[in-house]
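No hydrogens, no waters, no symmetry mates; every other heavy atom, side chains included, goes into these values. Quantities reported herein were computed from a predicted structural model and do not represent experimental measurements.
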Amino acid sequence: MEECISVFDMLKIGVGPSSSHTLGPWRAAERFLEELKNESILDQVKRVKVDLYGSLSLTGKGHATDLSVMLGLSGQDPEYIPVENIAGIIKTIEDTNEINLANEYKIPFYFLQDIVFNKDFLPFHANGLKFTAYKNDDSEYESTFYSIGGGFVVKEERENAKIKEVIKCAFPFPIQNAVELLNYTVSENKSISEIVYENEKSMRSEEVIHSELMRIWNTMLECMYIGCHTGGILPGGLHVRRRAFDMHQNLIGLSNYTNPQSWLEEIRKTEVKFRQILKWVSCFALAVNEVNASLGRVVTAPTNGSAGVIPAVLMYYLVIENHDAGEKEIKQFLMVAGEIGSIFKKGSTISAAMGGCQAEIGVSSSMAAAALCELMGGTAAQVLMAAEIAMEHHLGLTCDPIGGLVQIPCIERNTMGAIKAINAAELALETDSKNAKVPLDKVINTMWQTAKDMNSKYKETSEGGLAIAVNMADC
């Protein structure tokens with residue numbers, strides 16, 4: 001039976017720098033608290049210990065995994081927590097050696113002892129973490145979770161399998177792969193975004209779909225705005241200078257604006273030549289991922305490490321290609337992007353710890369290419385071709401972050417993914433889909449086979465590639 005994945009599962013609002021290493025563990029901590037409440041033992045807990053395994057351990061410090069776990073155990077929500085409060089909450093825990101469990105019970109917590117980094121991997125997934133609650137009667141309650149990419153968290157045992165089976169039946173057009181999606185567009189005489197919209201309406205009202213899609217876009221827009229107006233050095237020890245600020249100043253000139261929307265309108269008035277387009281798209285992508293690298297609020301699309309590609313390409317369409325575009329086109333773009341991402345998740349992976357950077361930048365570029373292609377008038381077959389072209393030229397891309405930080409080469413890779421997405425969309429628009437040689441489903445399968453063949457040191461462990469060729473001292 002097909003798995004139903006909503007657009008809102010693929011595009012989630014959260015806090016940087018990583019969906020699998022920050023948002024996922026944060027959500028796992030929240031779920032652990034839910035289990036304690038369901039078992040009626042939350043008020044009996046005297047101590048909590050967290051064990052991080054595999055990639056979560058190897059690059060956890062650089063991805064703020066330890067911080068996210070503490071925030072999650074404190075009962076904070078990554079979607080709504082004021083990001084300016086994060087540092088204060090963490091400092092209080094470290095200074096007092098206490099954590100306010102579920103924001104209800106203060107218990108001792110020594111973060112250097114109670115968060116354990118284990119380099120060995122659990123067999124189920126590269127991103128494993130185990131929570132242990134020690135009760136007043138000296139008994140223990142353990143629970144293990146896996147952060148499988150894009151902020152998705154699962155347990156190896158499927159205790160709620162029956163509930164999930166019911167949920168899977170909800171969509172009128174259940175989609176497992178690209179062929180099924182294309183067949184629906186033909187049989188129903190609908191575009192891809194229209195098929196996706198029908199599925200979303202089976203889960204929530206049209207008003208909620210509209211408001212949530214626009215909330216996602218406004219978060220993306222605000223993120224680009226913040227990134228373009230924030231200078232300085234990124235945290236983490238690599239001393240990476242923010243580039244979006246200077247690039248933006250050179251591009252925007254003396255324009256006057258007061259908020260993200262008026263800023264967008266001013267960009268529409270700027271000079272449009274090929275070099276300027278390259279710079280604007282790169283600037284948008286850099287801005288998002290610089291915000292992400294500094295524990296700012298971003299939209300996981302489909303991951304945090306690749307969060308800059310989709311907003312950069314959508315912004316390109318709004319400020320360069322179609323000045324009359326508005327909410328209709330924004331929602332259309334996000335729905336197509338979300339559906340393409342879900343097909344990759346079902347057929348392969350969106351976790352760099354499982355598939356390297358092809359699973360993050362490659363998938364985000366594919367999502368953006370497809371969405372742009374539909375907005376530019378492409379047929380459903382051309383939209384899928386655009387997605388295929390974008391991924392085809394990311395196959396084998398490794399994940400080798402220097403210092404375990406989502407900075408080098410991650411931030412620049414978002415600019416490359418965005419530019420490739422635009423190019424892929426244009427190539428698809430100029431091609432008769434009947435002449436396509438590589439179906440999207442074939443490239444998704446190839447990506448998964450490549451992921452399985454890839455050496456583990458290139459899967460977000462910082463044990464290979466640039467991560468060892470360039471060390472912290474060099475920076």
Side-chain angles (χ1 to χ4, degrees), residues 2-14 19 23 27 77-80 150-152 163-164 166-176 178 180-182 184-185 187-224 260-261 264 297-303 307 309-311 313-315 317-318 322 324-346 350 363-364 367-368 370-376 378 380 383-384 387:
E2 286 85 354
E3 181 183 4
C4 292
I5 299 177
S6 167
V7 169
F8 303 107
D9 292 323
M10 298 306 304
L11 305 174
K12 296 187 284 288
I13 298 172
S19 53
L23 181 58
R27 291 299 189 195
D77 189 316
E79 189 169 347
Y80 295 102
F152 289 89
I163 297 174
K164 292 193 174 188
V166 173
I167 295 173
K168 288 179 182 178
C169 300
F171 283 180
F173 304 111
I175 298 161
Q176 189 68 19
E180 290 181 356
L181 175 58
L182 184 60
Y184 285 134
T185 65
S187 63
E188 302 297 321
N189 192 29
K190 293 180 182 294
S191 66
I192 289 176
S193 60
E194 288 171 333
I195 293 293
V196 177
Y197 190 49
E198 292 302 314
N199 281 342
E200 291 297 330
K201 286 195 294 183
S202 72
M203 302 179 70
R204 47 185 63 86
S205 69
E206 294 184 23
E207 292 76 19
V208 170
I209 294 170
H210 169 82
S211 63
E212 288 302 295
L213 285 174
M214 292 311 300
R215 187 165 74 95
I216 286 170
W217 165 244
N218 287 326
T219 302
M220 289 179 170
L221 179 60
E222 183 179 37
C223 185
M224 286 185 280
Q261 187 58 44
L264 186 154
R297 175 155 285 119
V298 299
V299 175
T300 300
T303 68
V309 175
I310 286 171
V313 175
L314 178 49
M315 189 70 161
Y317 179 78
L318 295 173
N322 184 0
D324 296 322
E327 292 183 348
K328 173 180 176 293
E329 290 78 12
I330 290 168
K331 292 186 293 183
Q332 187 179 353
F333 186 101
L334 295 177
M335 285 190 288
V336 174
E339 185 58 47
I340 296 302
S342 76
I343 293 174
F344 271 97
K345 184 180 183 300
K346 293 166 191 169
I350 57 170
V363 174
S364 63
M367 293 165 67
L372 179 62
C373 187
E374 179 167 307
L375 287 188
M376 300 280 278
V383 169
L384 297 179

Checklist outcome for this item: Between the OG1 atom in T300 and the CD1 atom in I310, the distance rounded to the nearest 0.5 Å is 10.5 Å
Checklist entry - Would you say N322's side chain and Y317's backbone share a donor-acceptor pair under 3.5 angstrom? => result no
Item to check | Side-chain heavy atoms of D324 within contact of E329, under 4.5 Å | outcome: no
Checklist entry - Passes side chain to side chain contact (heavy atoms under 4.5 Å, CB included), F171 versus M203? Steps please. => result CA-CA 8 Å; F171 283 180; M203 302 179 70; 3.0 Å; yes
Checklist outcome for this item: On a heavy-atom basis, the closest approach of G150 and K12 is O-NZ, 2.5 Å
Next on the checklist: Using the rule side chain to side chain donor-acceptor pair (under 3.5 Å), only one of E339, E198, E374 pairs with S193; which is it?
Outcome noted: E374
Next on the checklist: Treating K346 as the side-chain partner and I175 as the backbone partner, does any N or O pair qualify as donor plus acceptor under 3.5 Å?
Outcome noted: yes
Checklist outcome for this item: Between the CE atom in M224 and the OG1 atom in T219, the distance rounded to the nearest 0.5 Å is 10.5 Å
Checklist entry - Who pairs with K190 by side chain to side chain donor-acceptor pair (under 3.5 Å), at least two apart in sequence or on another chain? => result none
Next on the checklist: Can you give me the closest heavy-atom contact between A370 and A387, atom names plus distance?
Outcome noted: CB-CB, 4.0 Å
Checklist entry - Looking at V309 and A368, what are the two nearest heavy atoms and their distance? => result CG1-CB, 4.0 Å
Checklist entry - So, does R297 use its side chain to make a donor-acceptor pair with the main chain of C223 at under 3.5 Å? => result no
Checklist entry - Roughly how far, to the nearest 0.5 Å, is CG of L384 from CD1 of I340? => result 5.0 Å
Checklist entry - Rounded to the nearest 0.5 Å, how far apart are CG of L221 and CE of M214? => result 9.0 Å
Next on the checklist: Please evaluate residues V196 and V336 with respect to the criterion side chain to side chain contact (heavy atoms under 4.5 Å, CB included), reporting the C-alpha separation (whole Å), side-chain torsions for both, the decisive distance (0.1 Å), and the verdict.
Outcome noted: CA-CA 7 Å; V196 177; V336 174; 5.9 Å; no
Checklist entry - side chain to side chain contact (heavy atoms under 4.5 Å, CB included) between L11 and M367: does it pass, once the steps are laid out? => result CA-CA 11 Å; L11 305 174; M367 293 165 67; 4.3 Å; yes
Checklist entry - Side-chain contact, heavy-atom cut-off 4.5 Å: S202 with F173? => result no
Next on the checklist: Would you say that I330 contacts L213 through its side chain, given a criterion of any heavy-atom pair below 4.5 Å between the two side chains?
Outcome noted: no
Checklist entry - CD1/I209 to CZ/F8 distance, rounded to the nearest 0.5 angstrom? => result 6.0 Å
Item to check | Candidate pair L314 and L334, rule side chain to side chain contact (heavy atoms under 4.5 Å, CB included), full reasoning | outcome: CA-CA 9 Å; L314 178 49; L334 295 177; 4.3 Å; yes
Checklist entry - Distance under 6.0 Å and angle within 45° of the ring axis: does K331 meet both against Y197? => result no
Checklist outcome for this item: Heavy-atom closest pair (M220 atom, A301 atom, distance to 0.1 Å) is CE-CB, 4.4 Å
Checklist entry - Could you state the interatomic distance from CE (M10) to OG1 (T303), rounded to the nearest 0.5 Å? => result 9.0 Å
Item to check | Note, L318 side chain near W217 side chain (heavy atom, < 4.5 Å) | outcome: yes
